[in-house]
Novice: 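Structure provided below as structure tokens; questions to follow.
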Amino acid sequence: MIEITFKDGSTRQYDEGVTPEEIAGDIASGLKKKSVGAYVNGELFDLNRPIEEDAALHLITKDDEEALEILNHSSAHLLAHAIKRLYPDARFGVGPAIEGGFYYDIATSESITEEDLPKIENEMRRIVKEAHPVKREVLSKPEALERFKDDPYKLEMLEDFDDSEVITVYTQGEFEDLCRGGHLPNTSRIRHFKLLSVAGAYWRGDSSREMLQRVYGTSWYTKEDLDQYLEMLKERKERDHRKLGKELGIFMLDEKAGQGLPIWLPKGYTVRRVLEDYVYELERRSGYKHLSTPVLGTRQLYEISGHFKHYRDDMFPLMELDDEAYVLRPMSCPHHAIVYSSALRSYRELPIRYAEIVTQHRYEASGALSGLERVRAMTLTDAHIFARKDQIKEEVLSAYRLIQKAIDDLGLEIDYLELALRDEGTGKFHDDDELWNEAEKVMKELLDEAGIEYKEMKGEAAFYGPKIDVQVKTALAHVITMSTVQLDFLLPERFELTYIGKDGRKHRPVLIHRGLLSTWERLMSILLEQYKGAFPTWLAPIQIEIIPVSDVHHDYARDLNRKLIEKGLRSEIDDREEKLGYRIRAAQTQKIPYQLVIGDQEVENDTVTYRRYGEKEQTTLSVDAFIEHIHDEVRRKK
RNA sequence: GCCGCUUUAGCUCCAACAGGUAGAGCAAUUCCAUGGUAAGGAAGAGGUUGCUGGUUCGAGUCCAGCAAGCGGCACCA
């Protein structure tokens, strides 16, 4: 007999070899149905895995977070099982559960396309119906090597195991797979799933190795959950910034203009100008000095900075002429370092904060380009803070607070922070250990002291130093890097930057790189998605659409339009010879925040009647009250 | 860059899917209708079917190469 201790501290006696499933059934039949796995002394157990010794048992039910992972993981096996039947020569890489679903990496002689997915799904359903028990088996490494001798990918994975490590194999019907588990005890427990797409994926995530085919799918415990997830995917398409950007005239891409080189259309540029003005003012108030530097720089400049050595693959190639060579700048820190060094600096001047709206060019891989989200020419508000070492913490934190404010003003939310650190021995980072250790230590300290949580990301640092990346989540759970604060001890060395200290001697300042709101391109893609194209009034390219009922109201409407524009508002008039309903519909489709219908009543009383985008209610105000109303919204960034 | 898919009028198309020489809706244009909160009516116009080759008597339809876009991977603001 063994003793099982439950969550609430109570205990019960069972025969040795009892399974979590049996125990669940012993407690309540409903619990047995709901259970999908268990923790036995903290170790993840399958429901049907025997417990051999006294243990603390925690059953995982469908309501627990881990439950979906178990389901998706089992679904991946189900997928592989079906593929193996349909493509007998298939070999398998890895097949994990991921956020929102699962995938399996597969090598077949015949390529799988999306048209094959229904066929594979049907086979999966057949295997579900066949209700195969899922059995776990422990093997020694030599046994495992023998068992998978025909599967090169599994063999390669096995090589990484220690000889002493527990290796497990899961079998369902004629299909078996090397796998850590846990799994549902029977294929019949997978019900509501759908295969979503096929894509290529490098074996072991290594671009120098062969590419496998990855089939993506999603699996849920109820039909409602599955439908809801599929609905979310549909909604994501509806909100896609590329679709909205085209419909609303925000930006365009053109093959002849160049891949990854977006063109800002008048409406998009209007929004961008509002953002630029906003950021300029925000920075001015926060002690930043604005300047402007060129898009081209000499090769020498980027050799000094180290970009030429560490960043060359991301740069457009050299332009050589006469005796000089130039590059399109990928970053603006070298220019700002030059400006810093153009005068003798005193410790009293520091920190010096330079900000600039810069256009940068980066040679992004063609396959990485995507709408406004990944481009090759980008414009952003970039800043570099030159500070004394004793000012680092305060400056990094105040940069972070500025970021928080800007993100909040835009109606977005910070999801989490990443602290990107270096990974020694990759060659991606400069090699002064002392500088690295010091920089990483300060960053951790200041975050810890301020009680700010973060995720450490090894190997994600910039080549010149560690960085704090601010991740923002949109309305559709789309997480993206929005802002960054980077600590750099290297460039000040490279550019031999100095300031005169209290002691009359020269000292080295530190450089803090600060990216506030990503790039205007990426920010626009996020805002389009966030607001589904319906910009808040302060950002909207057209804030007011005036629609005169008929010809007799044109003069009043035009005067009104002029007046609104005069008052700094973005107003437009639609006096086309079309029916009222037609023009109202046009204004609504363009998601214009305020739609003003002007008829006899308005002309007579010198008023406007407006309807907000998406609402039915109509409000009549005097012209002056209306202007004040809009100005108030703009001030409050609504 | 890599794997797969896609590419027909300004936009959107389950039009032309046994290869016979291009069809619709919307938008735009002109005319008629002067209309109070999401599409009034009519007419005409608009395409070397992404580009370059090939197969064929004949190619939007088949084949090859290239380009761009999309889904991922790798890379990343």
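Here is the naming used below: chain letters follow the sequence lines, and residue numbers restart at 1 for every chain. Scope of the values below: all heavy atoms of this structure, side chains included, with no hydrogens, waters or symmetry mates. Being a predicted model, the structure only gives us computed values, none of them experimental.
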Novice: Are the charged groups of A:Lys237 and A:Asp240 less than 4.0 angstrom apart, N to O?
Specialist: no

Novice: Under 4.0 Å between a side-chain N or O of A:Gln618 and OP1 or OP2 of B:rG36?
Specialist: no

Novice: Using the six-membered ring wherever Trp is involved, compare the ring planes of A:Tyr594 and A:His629 and label them parallel, tilted or perpendicular (cut-offs 30° and 60°).
Specialist: perpendicular

Novice: Give a yes or no on whether a salt bridge exists between A:Arg514 and A:Asp382, defined as a side-chain N under 4.0 angstrom from a carboxylate O.
Specialist: no

Novice: Answer with base, sugar-phosphate or nothing: what part of the nucleic acid does A:Ser366 contact at a heavy-atom distance below 4.0 Å?
Specialist: base

Novice: Yes or no on ring-ring contact (aromatic ring centres under 6.0 Å, His included) for A:Phe308 and A:Tyr302, after CA distance, side-chain angles and deciding distance?
Specialist: CA-CA 5 Å; A:Phe308 214 68; A:Tyr302 292 96; 8.2 Å; no

Novice: Report which part of the nucleic acid A:Arg576 touches: base, sugar-phosphate, or nothing (heavy-atom distance under 4.0 Å, all strands).
Specialist: sugar-phosphate

Novice: Taking A:Phe429 as the fixed residue, which of A:Tyr311, A:Trp436, A:Tyr464, A:Phe463 is the one that meets the ring pair (Phe, Tyr, Trp, His ring centres under 6.0 Å) rule?
Specialist: A:Trp436

Novice: Pick base, sugar-phosphate or nothing for A:Gly371, based on heavy-atom distances below 4.0 Å to the nucleic acid.
Specialist: sugar-phosphate

Novice: Can you give each donor-acceptor pair under 3.5 Å made by side-chain atoms of residues 245-254 of chain A, sequence neighbours left out, with the distance rounded to 0.1 Å?
Specialist:
| residue | atom | partner | partner atom | Å |
| --- | --- | --- | --- | --- |
| A:Glu247 | OE2 | A:Lys243 | NZ | 3.1 |
| A:Asp254 | OD2 | A:Lys256 | N | 2.7 |
| A:Asp254 | OD2 | A:Ala257 | N | 3.1 |

Novice: Quick one: is B:rU37 close enough that its OP1 or OP2 comes under 4.0 Å of any side-chain N or O from A:Lys579?
Specialist: no

Novice: A:Ala201 has a side chain; which of B:rG71, B:rC73, B:rA77 sits nearest to it?
Specialist: B:rC73

Novice: Would the base of B:rG1 count as contacting A:Tyr363 through its side chain, where contact means a donor and an acceptor less than 3.5 Å apart?
Specialist: no

Novice: Figure out the NZ/C1' separation between A:Lys246 and B:rG10, and round it to whole Å.
Specialist: 10 Å

Novice: Ignoring hydrogens and angles, are the base of B:rA38 and the side chain of A:Gln595 linked by a donor-acceptor pair under 3.5 Å?
Specialist: no

Novice: Taking CD in A:Glu69 as the centre, count heavy atoms belonging to other residues, nucleotides or ligands within less than 6.0 Å. Is the count above 12?
Specialist: no

Novice: Round to a whole Å and report the spacing from CD of A:Glu577 to C1' of B:rA42.
Specialist: 16 Å

Novice: With rounding to the closest Å, how many angstrom separate the P atoms on B:rC13 and B:rC75?
Specialist: 33 Å

Novice: Find the runs of at least 3 consecutive base pairs, i with j, i+1 with j-1 and so on, that include RNA chain B, using Watson-Crick or G-U wobble geometry with both distances under 3.5 Å.
Specialist: B:1-7 with B:67-73, B:10-13 with B:23-26, B:29-32 with B:40-43, B:50-54 with B:62-66

Novice: From the list B:rG40, B:rG71, B:rG1, which nucleotide is the closest neighbour of the side chain of A:Glu578?
Specialist: B:rG40

Novice: Strictly by modelled atom types, are A:Ser571 and A:Asn561 linked by a side-chain donor-acceptor pair under 3.5 Å?
Specialist: yes

Novice: For B:rG20 and B:rG58, measure between their P atoms and round to the nearest Å.
Specialist: 14 Å

Novice: OP1 or OP2 of B:rC11 versus the side-chain N and O atoms of A:Lys243: is any pair under 4.0 Å?
Specialist: no

Novice: When the C1' atoms of B:rU61 and B:rG54 are considered, how many whole Å apart are they?
Specialist: 15 Å

Novice: Check every strand shown and say whether A:Gly515 touches a base, only sugar-phosphate, or nothing at a heavy-atom separation below 4.0 Å.
Specialist: nothing

Novice: Base, sugar-phosphate or nothing for A:Leu580? Non-hydrogen atoms, less than 4.0 Å.
Specialist: sugar-phosphate

Novice: Please classify the nucleic acid contact of A:Ser550 as base, sugar-phosphate, or nothing, using heavy-atom distances under 4.0 Å.
Specialist: base

Novice: What about A:Arg374: does its side chain form a donor-acceptor pair under 3.5 Å with the base of B:rC75?
Specialist: yes

Novice: Looking at residues 597-613 of chain A, who's got a heavy atom less than 4.0 Å off RNA chain B?
Specialist: A:Val597, A:Gly599, A:Asp600, A:Gln601, A:Glu602, A:Thr609, A:Arg611

Novice: Look at A:Tyr216 and B:rC73 and indicate whether a side-chain polar atom (N or O) is within less than 4.0 Å of OP1 or OP2.
Specialist: yes

Novice: Separation of A:Arg236 atom CZ from B:rG71 atom C1', in whole Å?
Specialist: 13 Å

Novice: Examine A:His73 together with A:Phe102 and report whether their ring centres are nearer than 6.0 Å.
Specialist: no

Novice: Using atom P in both nucleotides, what's the gap between B:rC76 and B:rG60 to the nearest angstrom?
Specialist: 45 Å

Novice: Other residues, nucleotides and ligands only: do more than 12 of their heavy atoms fall within 6.0 Å of NZ on A:Lys194?
Specialist: no

